[in-house]
Amino acid sequence: MPAKRTASPIRRIHHQLDAGQLTVGRLASTAARLLTGKHKPAYQHHIDHGDFVNVIHATSAKFSGRKLTQKVYRHMSGYPGGLSQRPVQELLRRRP
């Protein structure tokens, strides 16, 4: 009779990313890669191997070009006239 394969415990590591060193897009892609666990050699898409990510210095986040003044985040509630828009400057000022 073959031996049973036991699942090895998943080791989760805490990572700290500094928002003052990277632009927001590169920071987001780096955080997504760490959260999904794609940086680990034992990565399998149906198993959660992701690590923990803490973002520090969010108030000093970098935006390239004129994104700080032109970029707008939109949210639709699903109701007629329920589109709300907030520029990046306002979001950083209110909740970095």
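Closest approach of Ala19 and Ala58 over heavy atoms only: CB-CA, 3.9 Å.
Interatomic distance, CZ of Arg33 versus OG1 of Thr36, reported as 7.0 Å (0.5 Å rounding).
For Lys40, the salt bridge (Lys or Arg N to Asp or Glu O under 4.0 Å) partners two or more places apart in sequence, or in a different chain, are Asp51. In this view, His39 and His15 satisfy the ring-ring contact (aromatic ring centres under 6.0 Å, His included) rule, not counting sequence neighbours. Phe63 is linked by a ring-ring contact (aromatic ring centres under 6.0 Å, His included) to nothing, counting only residues two or more places apart in sequence or in another chain.
Residue pairs meeting the ring-ring contact (aromatic ring centres under 6.0 Å, His included) criterion with at least one partner in residues 40-61, sequence neighbours excluded, are His14-Phe52. Within the structure, every pair that satisfies the salt bridge (charged side-chain N to carboxylate O under 4.0 Å, His left out) test and touches residues 10-21, not counting sequence neighbours, is listed here: Arg12-Asp48.
Here Leu22 sits in one hydrophobic cluster together with Leu17, Leu27, Leu34, Leu35, Val53, Val55; the rule is ILVMFWY side chains under 4.5 Å apart, joined directly or through other members.
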Donor-acceptor pairs under 3.5 angstrom involving side-chain atoms of residues 66-76: please list them, not counting sequence neighbours.
residue, atom, partner, partner atom, Å
Lys67, NZ, Ser64, OG, 2.8
Thr69, OG1, Arg66, O, 3.1

